[in-house]
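A short worksheet on the structure shown next.
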Amino acid sequence: MSINWFPGHMAKARREVEENLKKVDVVIEILDARIPHSSHNPMLDEITQHKPRVVVLNKVDMADRKETDAWMARFKSEGKYPVALDGRNNQIIKKIEPLAVRATAEIFERMEKKGIGRRAIRAMIIGIPNVGKSTVINNIAKKKIAKTGNTPGVTKQQQWIKAGEQMELLDTPGILWPKFEDEITGRKLSLTGAIKDAVVPLDEVAIYGIEFLLAHDPERFNQFYNINVSPSDEIVDVFDAIGKSRGLKAGGNEINYEAVTNRIIYDIRNGKIGGYTFDKADA
């Protein structure tokens, strides 16, 4: 599944990120805690490599906590400043602001030595679509500043936002890299909602989700759908079992495979079955 999805507003956003980077002290990258590797935009490394980085693992309530802890340790070992949180919590500024202070300590020490007075920390928020960036921003700002929605590409313009006592944030639109050849990455991004459903083969995405859950948590998968399948079963048999259990039928009492596909993706994407991390920190 090779996907080339790079809308015009995203190309413009990259240029704006490059142009505005010199205005900020620290980059705050929002990642989906379920896919910390897949939701990281490697294109942004080229642009922001010389800035300290706070990494926010968002939607932690929908991820595997042990894997989240492993990712936290990995990011720390890379010299980043990570935090795991639920972006809907209105107290998240208390977790993010201290990390931004630590990340920029050397910058302000150098400024003070030159006789430059203390000012607000200027931070740029980056992240691919639908990692919950707008929700994080709105909770930091204590009011609805950025549009939110469970579809990619909602935020499309930059804006400065006062955050806490010591920060100003520069919001940026969600950006996906121009093309990724790795099929698994594409499926993970689609399964978690970072790519619009209209541009991917959803049956492949649902199959990936089924195979992952049957490999890692078959008991919960079977219990949730009230079925009895195993990783060795043919995938069509798994679809049939879910369709029968959920009453997803078409004309002539046949299984409605499109409805089954949509149900599986919905259940996994929204954490209905459980919290899972599809990217392993030790991979």
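In this text, all values refer to a predicted model and were calculated from it rather than measured experimentally.
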[atom1] of [X]: more than 12 outside heavy atoms within 6.0 angstrom?
{"X": "E78", "atom1": "CD", "value": "yes"}
{"X": "Q223", "atom1": "CD", "value": "no"}
{"X": "K272", "atom1": "NZ", "value": "no"}
{"X": "K244", "atom1": "NZ", "value": "no"}
{"X": "K162", "atom1": "NZ", "value": "yes"}
{"X": "R88", "atom1": "CZ", "value": "no"}

Are the side chains of [Y] and [X] in contact, using a 4.5 Å heavy-atom criterion?
{"X": "I92", "Y": "E97", "value": "no"}
{"X": "R34", "Y": "K188", "value": "no"}
{"X": "T192", "Y": "R269", "value": "no"}
{"X": "Y81", "Y": "K76", "value": "no"}
{"X": "K51", "Y": "L21", "value": "yes"}
{"X": "Y276", "Y": "R220", "value": "yes"}
{"X": "K133", "Y": "I128", "value": "no"}
{"X": "I140", "Y": "I161", "value": "no"}

Spell out, as yes or no, whether a donor-acceptor pair under 3.5 Å connects the side chain of [X] to the backbone of [Y].
{"X": "N138", "Y": "S134", "value": "yes"}
{"X": "W71", "Y": "K66", "value": "no"}
{"X": "D237", "Y": "D233", "value": "no"}
{"X": "N58", "Y": "I30", "value": "no"}
{"X": "E67", "Y": "A281", "value": "yes"}
{"X": "T261", "Y": "Y257", "value": "yes"}

Which atoms form the tightest heavy-atom contact between [X] and [Y], and what is the distance?
{"X": "I227", "Y": "A241", "answer": "CG2-O, 3.5 Å"}
{"X": "G186", "Y": "I195", "answer": "O-CD1, 3.9 Å"}
{"X": "M167", "Y": "A100", "answer": "SD-CB, 3.4 Å"}
{"X": "S190", "Y": "V200", "answer": "OG-CG2, 3.3 Å"}
{"X": "A206", "Y": "I264", "answer": "O-CG2, 4.0 Å"}
{"X": "A123", "Y": "I28", "answer": "CB-CD1, 3.8 Å"}

Look up atom [atom1] in [X] and atom [atom2] in [Y], then write down how far apart they are to the nearest 0.5 Å.
{"X": "L170", "Y": "R122", "atom1": "CG", "atom2": "CZ", "result": "11.0 Å"}
{"X": "K280", "Y": "R74", "atom1": "NZ", "atom2": "CZ", "result": "13.0 Å"}
{"X": "S39", "Y": "D279", "atom1": "OG", "atom2": "CG", "result": "7.0 Å"}
{"X": "L189", "Y": "I184", "atom1": "CG", "atom2": "CD1", "result": "11.5 Å"}
{"X": "R263", "Y": "R246", "atom1": "CZ", "atom2": "CZ", "result": "6.0 Å"}
{"X": "L213", "Y": "E219", "atom1": "CG", "atom2": "CD", "result": "12.5 Å"}

Apply side-chain contact (heavy atoms from CB on, under 4.5 Å) to the pair V60 and R65, showing each step before the final yes or no.
CA-CA 7 Å; V60 68; R65 188 68 224 195; 3.5 Å; yes
Between [X] and [Y], is there a shared hydrophobic cluster once you connect ILVMFWY residues whose side-chain heavy atoms come closer than 4.5 Å?
{"X": "I121", "Y": "I96", "result": "yes"}
{"X": "V54", "Y": "L169", "result": "yes"}
{"X": "I207", "Y": "I268", "result": "yes"}
{"X": "F278", "Y": "L57", "result": "no"}
{"X": "V131", "Y": "L85", "result": "yes"}

Query - Candidate pair H40 and I35, rule side-chain contact (heavy atoms from CB on, under 4.5 Å), full reasoning - result: CA-CA 8 Å; H40 166 67; I35 50 169; over 6 Å; no
### Message
Determine whether E254 and D240 satisfy the following criterion, side-chain contact (heavy atoms from CB on, under 4.5 Å), listing intermediate values before the conclusion.
### Response
CA-CA 9 Å; E254 296 292 327; D240 285 344; over 6 Å; no
- So does K113 pair up with E109, basic N to acidic O under 4.0 Å? no
Please determine if D45 and R53 form a salt bridge, counting it only when a charged side-chain N lies under 4.0 Å from a carboxylate O.
yes
Under the side chain to side chain donor-acceptor pair (under 3.5 Å) rule, what do T104 and D25 come out as? Steps first, then yes or no, please.
-> CA-CA 7 Å; T104 58; D25 307 305; over 6 Å; no
Excluding Y266, membership of its hydrophobic cluster (Ile, Leu, Val, Met, Phe, Trp, Tyr; side-chain heavy atoms within less than 4.5 Å) reads none
Apply the test side-chain contact (heavy atoms from CB on, under 4.5 Å) to residues V229 and L214: give CA-CA distance (whole Å), side-chain angles for both, the deciding distance (0.1 Å), then the verdict.
CA-CA 8 Å; V229 297; L214 284 179; 3.9 Å; yes
>> Parallel, tilted or perpendicular, judged at 30° and 60°: which one describes the rings of F212 and H216?
In response: parallel
In short, ring-ring contact (aromatic ring centres under 6.0 Å, His included) pairs touching residues 217-240 with sequence neighbours left out are F221-Y225
Tested for side-chain contact (heavy atoms from CB on, under 4.5 Å) against V56, the lone hit among L99, V83, I125 is V83
